[in-house]
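Before any comments, here is the structure.
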Amino acid sequence: MKVPVIDCELCIGCGSCAELCPEVFEMRDEEGKAYVIAEDKCDVCDCEEAAGICPVEAITLEGE
Ligand code: SF4
């Protein structure tokens, strides 16, 4: 199973991943960063597309 991982150092808080995959990514306003809230939900959204649209390539997919 592929698991999304966010490099918080790179994330600029654009919100695109959370807009595309709200089941998996969530914005935390207090920090202005995105977080993975359900790494096992890539089957209900397209984490690969989310990784592809991240402007700073902060999202990687790990695992099988
Ligand atoms: Fe951060 Fe990338 Fe998500 Fe934008 S798409 S909020 S830069 S992880």
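Computed from a predicted model, the values in this text were never measured in an experiment. Just follow the structure's listing: the first ligand is 1, and inside any ligand the first atom is 1. All heavy atoms count here, side chains included; hydrogens, waters and symmetry mates do not.
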Practice problem: Flag C11 as yes if one of its N/O/S atoms falls below 2.8 Å of atom 4 (Fe) of ligand 1, otherwise no. | Solution: no
Practice problem: Answer with side chain, backbone, both or neither: which part of I59 has a heavy atom less than 4.0 angstrom from an atom of ligand 1? | Solution: side chain
Quiz item: From C17 SG over to E49 CD, what is the distance, rounded to the nearest 0.5 angstrom?
Solution: 12.0 Å
Practice problem: Look at atom 3 (Fe) of ligand 1 and find which of G52, S16, A58, C17 reaches it with the closest heavy atom. | Solution: C17
Practice problem: Mark yes or no for whether K33, through its side chain, and C11, through its backbone, hold a donor-acceptor pair below 3.5 Å. | Solution: yes
Quiz item: So, does K2 use its side chain to make a donor-acceptor pair with the main chain of E62 at under 3.5 Å?
Solution: no
Quiz prompt | Ionic contact status for K41 with E39, cut-off 4.0 Å | solution = no
Practice problem: Provide, to 0.1 Å, the distance between atom 4 (Fe) of ligand 1 and the closest protein heavy atom, together with that atom's residue and name. | Solution: C14 SG, 2.3 Å
Quiz item: Nearest to atom 7 (S) of ligand 1, what protein heavy atom do you find, and at what distance?
Solution: I12 N, 3.5 Å
Quiz item: In terms of atom number and element, which parts of ligand 1 are under 4.0 angstrom from non-hydrogen atoms of A34?
Solution: 3 (Fe), 6 (S)
Quiz item: Just wondering, are more than 12 heavy atoms of other shown residues or ligands nearer than 6.0 Å to CD in E19?
Solution: no
Exercise. Among all protein heavy atoms, pick out the one at the shortest distance from atom 6 (S) of ligand 1; state its residue, atom name and that distance to 0.1 Å.
Key: G15 N, 3.2 Å
Quiz item: Which of the numbered atoms in ligand 1 are below 4.0 angstrom from a heavy atom of C54?
Solution: 2 (Fe), 5 (S), 7 (S), 8 (S)
Self-check item: Region of V56 engaging ligand 1 - heavy atom pairs below 4.0 Å
Solution: side chain
Quiz item: Does the pair C47/C42 show an SG-SG distance of less than 2.5 angstrom?
Solution: yes
Quiz item: Is it the case that one hydrophobic cluster holds both L10 and I59, taking links as side-chain heavy atoms less than 4.5 Å apart, direct or via other members?
Solution: no
